[in-house]
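Since the structure comes first, as C-alpha cells, the remarks are kept for the end.
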Amino acid sequence: MSVTRLLASRAARTHRRAWAAVFAALVLTSLLLGTFGLTLASAALGHPRVERYAAADLVVAGDQTTRFTAKPWGSEPETAEAGLTERVRVPEAALAVVRKVPGVRAALADEVFPVGFGGGKAATGRPWDAAWLAHGAVRDGRAPQRAGEVVVSGGARVGERIALRAGGAGETYSGDSGDSGNPGNLMYSVVGVAGGPRGTVYFTGSEARRLAGHPGSLDAIGIVAERGIGTDELHTRVRHALDAAGLESVGRRADGDRAALRVLAGDGRGGPEFLAAGPARTGLLMLLGSVASTVVLIALLVVSSTVVQALQQRAHELALLRAVGATPGQLRGAVGREVGRVAALAALVGAAGAFPAYVALRGLLDARGALPAGLELPLPPWLWPAPLVTAGVTVLVARLAALIAVAGTANVRPAEALREAAPGKGRQVTGLVLLVMGVSSAGTATLLHGEAAAAAAGAAAVTMVIACALLGPWIAEGAMRLLGAPLRRFGGPGGWLAAANCTAAARRSGAAITPIVLVTAFIGVQLSAGATLTHEGAAQAGRALRADLAVRADGGLPAGAVERIRRVVGVRAATDVVPGTVVLARRAAGSPELDRLPVLGVTPERLTQTLDPGVREGTMRGLRPGTVAVGEDRARSLDVRPGSTVTLRFGDGVQTRLRVVATYERSLALGDFLFARDELLRHASGPGEGRRVLVRTASEGDRGVVEQALAAAVAGARVERGPAPVRVAAADQALGEVVSAAAVSAVGAFTVIAVLSTLSLIAIGRRPELRLLRLAGAGRRQLRRMLRLEAAATAVTGLAVGAGVASVPLLAFSLAMARTVPYLPAVQGVLIVVVVAVTTGAGALLPLRGTLRGRYPARQGR
C-alpha cells in the first residue's frame, strides 16, 4: 500500500501538465452530469400549476390521454400513450351524479372560453359560480345576475359598459343589443370586480354556457368537500359513483382507448387548466433523456480516451517500473490512486457548478418561451445534493478508464513497451465493416419517412464516426500520401520533416485526427439537420403565401368574420386559417407509436389565391368536414391517394375516418394534413393563437381603404400588411431548439477538450524527439514550421473526413425529409472551421514553446 501511495504521489506531481487535460474533461463531465441530473429530476417532479381550482378539493375532468395497443412481432401486446392538448370534455350528466355523492358540499360546473375586449385585449370567460374554485370573491360591487352583467378580475371598473366578443357566439343576445358600430361585439355592464386570476371575465352560468358553445358538456367540475371528509375518502366515493353511472369523456374514441372520467386531487388539479403542461412535461423528459444519454456517452468516450492518451505517453516509464520489480497490482493501484486524486477534485469542481448551470438552462428555457404556461418544474432542497452523486459517478468512470488503460502495460514484458505496436488487422476489418454499415444505414434512410428516416441517418452518423476512429491510422497514412507531396514541395525542410513525422507515426496522427472528425461530423449533423428543415420549410412557406393582408383579433375572431371580410369591396379572396393538432397511430417495427402532429384547418373557397399548398393530385375544392388533404410525403408513407381513407385522432382524442381529396407538396410549411376549418374547430378548445384570415386584395383597389374597411368589418380586428408566411410548428419545437443548442454546446466543449488534450499529450510525449532534432542541427524556425504544417495537415484531414462522414447521413436525411441537399448557414460552417483550426494550433504548438525556446535544448525532463 505504501509503494502504490508513493508512486501515485510522485507521478501526480511529475505529470501535472499531462493531467491538466484530464482534469478539464472530468470537470466538464461532472458539470454536465450534475446539470442534466438536476434537470431530469425537476422534470420528473413537474406538474401543472394549480390556479383555477386552488379552492377545490377534487376536480372531475376528461381523460387527456389517448392510447394505442398493438402486438409487436413475437411479443406480448404493448400500449403507447400520448397526451392530448385539446380539451376533452365532461358530460353534463356527471354534475348531477357528483352532487349526490355523500360528503360533497358543492359541485360547480366550469366552462372556459376565450373572450376579447373591444380594445383588442384577450381574456378568459367563465361562469361566476366557478370563481369560488379559485378563491374568487367580489371585492367591489356584486355578482352578475342577468345575461348582460359581468364581473371582471381587472381592467375595468364597476359601472362601465364594455364590448366583448367570443369566437363561438352570435352577435346579439337576449336582453341587450350588440354594438352596431363594431359587428361581433356584445355590450355588457360591469357590476363587480373580483380577485383570483387576472384577465378573467365572469358571466352568469347560462350566459357562459351559451358563449362557450358546447351544449350538453362541461369543461370540468370542481368539488368542495364537507368538513371532516378526507380527500382520499371523497375521491373513492366520487370515483365509484362515476363508474357506477357508466359515464365517460365526451367523444368517440378508438377501440381499446377507453376514456373514463378522471378524478384529480393535489397537483393534478392543474391539468384541466393548463392542457399543454402535461404533454410538455412528458416531451421534456423524453428529450432530456435522449440528449443526456448522447452527451453522457460522448463525455465517457472523451474521458476514457483522454485518460488512455495520458497513460500511453508514459508506457515506457510504466514498463521500466515493471522491470525494476513493480508488480501489475502495484502499477494498477498507483495509477488508480493517481487518477482518483485528479478525478475527485475535478468532480467536486464540476458538481459545484452544476446548480448555477441548471439555473442558467432554466432561464434560457423561460427566455425563449420553450416551456408552456403553467408548467411547474420544482427543485426541492433535498435534490440539491444530487450533483454529489453524479460526481461520484465521474470518479468511478475515471478510475475504470485508468484500469483499462493500464491493463496492457501492466501485463506486457518491459522490452515490448519500447516500441510502438502496429495497429492490428482486426481493427482495420472492424472499421471497414462499420463504415459499410453506416453507408447502408444512410441509404436506408432515403427510403423512410419522418422519425424513422431521422433515426436511420443518426445511426449512420454514429456508426461512421466510430469506424473512422478505428481506421484513424490508415486515414492518417492515406492523408499524408495526398498531402505529403505539397508539404515537401512548398514547405521546405519543415515540410519534409512534417511529412516524414506524420507518415512514420500514423497511429499518433490517427489519434489526433479522430476528435476532429468527431467534432466536425457530430456538430455538423446536429446543426445542418435542423437548419435544412428550417430553411426548406421557410422556403415552402414563402412560396405558399399569396395573400397581401391578414386579419386577426386577440381573444378570437367572432363567428362569421370571414364571410364579412369577403363582402368588403376590394377583397378578391379570404381564407380562415386555424392551427390545431392531430394524433396519428402507427406501427414501427410492429410496436405501437402515437405521433402528435401540428395541422391546419382552412376554408377551401379560393384557397390557392391566398395560400397555395402546391396540389399534386385531386383538388382542394372538395375539402369539407369528413375529408382531408394529405402531404405528399405522408401520403406515400401511408400509401394513400385521393379517394382513399385515412384514420386519425383529433386533438381531443376523437377518432374518425376521413376521405382523402388531395395531396400536396408543401407539407414542411403547412403540415402533413389540411382539414376544413369547421372540422378542426369542432375538436378544438379555442380558436388558437395563430388563427387569422388571409386576404388577397384586388390589384386595382386602394389597399389603405381596404384595410380601414376590414378593421370596421370585424370587431377588435388588427389588419397586418405583408403578413408572415403560414407555417406549422410542433408544440415542443422551441424546447427542442433550446435543448439541442445546449447539447451541441456541450458536445462542442467536450470535443474541443478532446482535441486539445490529445494534441497536448502527443506534444508532451514528443519533447525528447524535438530535443534530438535540435541537437541534430534542426533550427527553431524549421521545427516551428514543421509543427505548424503538421497541425494544418491534421486539421485539414480531420475537417475533410468529418465533413465526408457528416455528408452521407445528411444527404440521406435531407432527401428523405425535405427533398433537397443539406443546408448549413455559412456562419456556422466558418465557426466550425475556425474552432478546429485554433484548437488544433493551440494543442500542437503551445505545449512545446519551452522546448523550442533558447539557443540550445533544455536539459530538464518533463
Side-chain angles (χ1 to χ4, degrees), residues 43-50 52-53 58-71 77-91 94 110 112 214 217-221 235 238-239 242-243 246-287 289 371-376 451 580-588 591-599 647-656 682-686 730-732 735:
L45 296 174
H47 59 83
R49 186 167 60 250
V50 182
R52 190 181 298 160
Y53 305 113
L58 298 173
V59 176
V60 176
D63 187 358
Q64 294 289 149
T65 302
T66 186
R67 302 161 190 85
F68 173 46
T69 301
K71 185 176 181 180
E78 297 179 0
T79 300
E81 296 185 353
L84 299 171
T85 55
E86 302 292 350
R87 173 96 45 205
V88 179
R89 302 182 65 79
V90 178
D110 195 15
V112 183
H214 297 285
S217 64
L218 308 169
D219 278 17
I221 301 173
H235 182 283
V238 173
R239 176 78 276 165
L242 293 173
D243 292 342
L247 295 174
E248 295 187 349
S249 303
V250 173
R252 181 182 178 185
R253 297 287 192 103
D255 293 339
D257 185 20
R258 182 174 179 270
L261 294 175
R262 298 181 300 165
V263 183
L264 307 171
D267 292 336
R269 294 171 298 166
E273 179 176 1
F274 299 104
L275 299 178
R281 172 185 166 274
T282 303
L284 177 61
L285 280 171
M286 295 177 60
L287 181 60
L371 298 176
L375 178 59
E376 294 283 340
E451 292 183 0
T581 59
V582 297
V583 177
L584 175 65
R586 62 183 180 86
R587 294 173 183 259
S591 297
E593 297 284 346
L594 287 171
D595 298 330
R596 189 169 55 247
L597 305 173
V599 296
T647 301
L648 294 172
R649 306 180 188 199
F650 287 101
D652 60 353
V654 174
Q655 178 175 280
T656 186
R682 192 179 302 157
H683 303 277
S685 305
D732 57 353
L735 175 63

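Just so it is clear, the values below take in all heavy atoms, side chains as well, and ignore hydrogens, waters and symmetry mates. This is a predicted model, so every value here is computed, not measured.
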(message) Restricting to non-hydrogen atoms, name the atom on A61 and the atom on P272 that form the minimum distance, rounded to 0.1 Å.
(response) CB-CG, 3.6 Å
(message) Can you list everything that forms a side-chain hydrogen bond (donor to acceptor under 3.5 Å, both in side chains) with D110? Sequence neighbours excluded, please.
(response) Y53, R126
(request) Hey, could you give me the CG/CZ distance between D652 and R682, rounded to the nearest 0.5 Å? (result) 11.0 Å
(request) Any chance you could measure L261, atom CG, to I221, atom CD1, to the nearest 0.5 Å? (result) 7.5 Å
(message) According to side-chain contact (heavy atoms from CB on, under 4.5 Å), who are the partners of L287, at least two apart in sequence or on a separate chain?
(response) V291, L735, V739
(message) I'd like to check R49 versus F274 (side-chain heavy atoms, cut-off strictly below 4.5 Å). Are they in contact?
(response) yes
(message) Applying salt bridge (charged side-chain N to carboxylate O under 4.0 Å, His left out), can you list everything that pairs with R587, at least two apart in sequence or on another chain?
(response) none
(request) Please report the closest heavy-atom contact between V50 and D267, naming both atoms and the distance. (result) CG2-O, 3.8 Å
(request) Working to the nearest 0.5 Å, report the span between NZ of K71 and OG of S591. (result) 13.0 Å
(message) For a side chain to side chain contact (heavy atoms under 4.5 Å, CB included) check, start with the C-alpha distance between R52 and V112, then their side-chain angles and the critical distance, and finish with the verdict.
(response) CA-CA 10 Å; R52 190 181 298 160; V112 183; 3.1 Å; yes
(request) Please report the shortest heavy-atom distance between A260 and S249, naming the atom on each side. (result) O-OG, 3.8 Å
(request) Could you tell me which residues satisfy salt bridge (charged side-chain N to carboxylate O under 4.0 Å, His left out) with E78, sequence neighbours excluded, listed by chain and number? (result) none
(message) Quick check: closest heavy atoms across V90 and G62, and the distance to 0.1 Å?
(response) CG2-N, 3.6 Å
(request) Applying side-chain hydrogen bond (donor to acceptor under 3.5 Å, both in side chains), name anything that partners T79, two or more places apart in sequence or on another chain. (result) T69
(request) Taking side-chain contact (heavy atoms from CB on, under 4.5 Å) as the test, write out the residues that go with V599, two or more places apart. (result) V582, F673, F675, L680
(request) Determine the minimum heavy-atom distance between E86 and G580, stating which atoms define it. (result) OE2-CA, 4.5 Å
(message) Can you tell me how far apart CD (Q655) and CZ (F650) are? Round to the nearest 0.5 Å.
(response) 10.5 Å
(message) Testing the basics here: between L242 and A94, what is the closest heavy-atom pair and its distance to 0.1 Å?
(response) CD2-CB, 4.2 Å
(request) For T282, enumerate each residue passing the side-chain contact (heavy atoms from CB on, under 4.5 Å) test, keeping only those at least two apart in sequence or located in another chain. (result) M286
(request) Rounded to the nearest 0.5 Å, what's the gap from NE2 on H214 to OG on S685? Could you check? (result) 7.5 Å
(request) List for me each residue that meets side-chain hydrogen bond (donor to acceptor under 3.5 Å, both in side chains) alongside T656, sequence neighbours excluded, and say none if there are none. (result) none
(message) So does A44 get a backbone contact from the side chain of R281, meaning a donor-acceptor N/O pair under 3.5 Å?
(response) yes
(request) With rounding to the nearest 0.5 Å, note down the distance linking CD in Q64 to CG in L264. (result) 9.5 Å
(request) Would you please name every residue forming a side-chain hydrogen bond (donor to acceptor under 3.5 Å, both in side chains) with T65, sequence neighbours left out? (result) none
(message) Taking side-chain contact (heavy atoms from CB on, under 4.5 Å) as the definition, give me every residue that meets it alongside V583, ordered by chain and number, with sequence neighbours left out.
(response) T66, L84, L594, R596, R649
(request) For R253, enumerate each residue passing the salt bridge (charged side-chain N to carboxylate O under 4.0 Å, His left out) test, keeping only those at least two apart in sequence or located in another chain. (result) D257
(message) Which residues pass the salt bridge (charged side-chain N to carboxylate O under 4.0 Å, His left out) test with E248, not counting sequence neighbours?
(response) R258
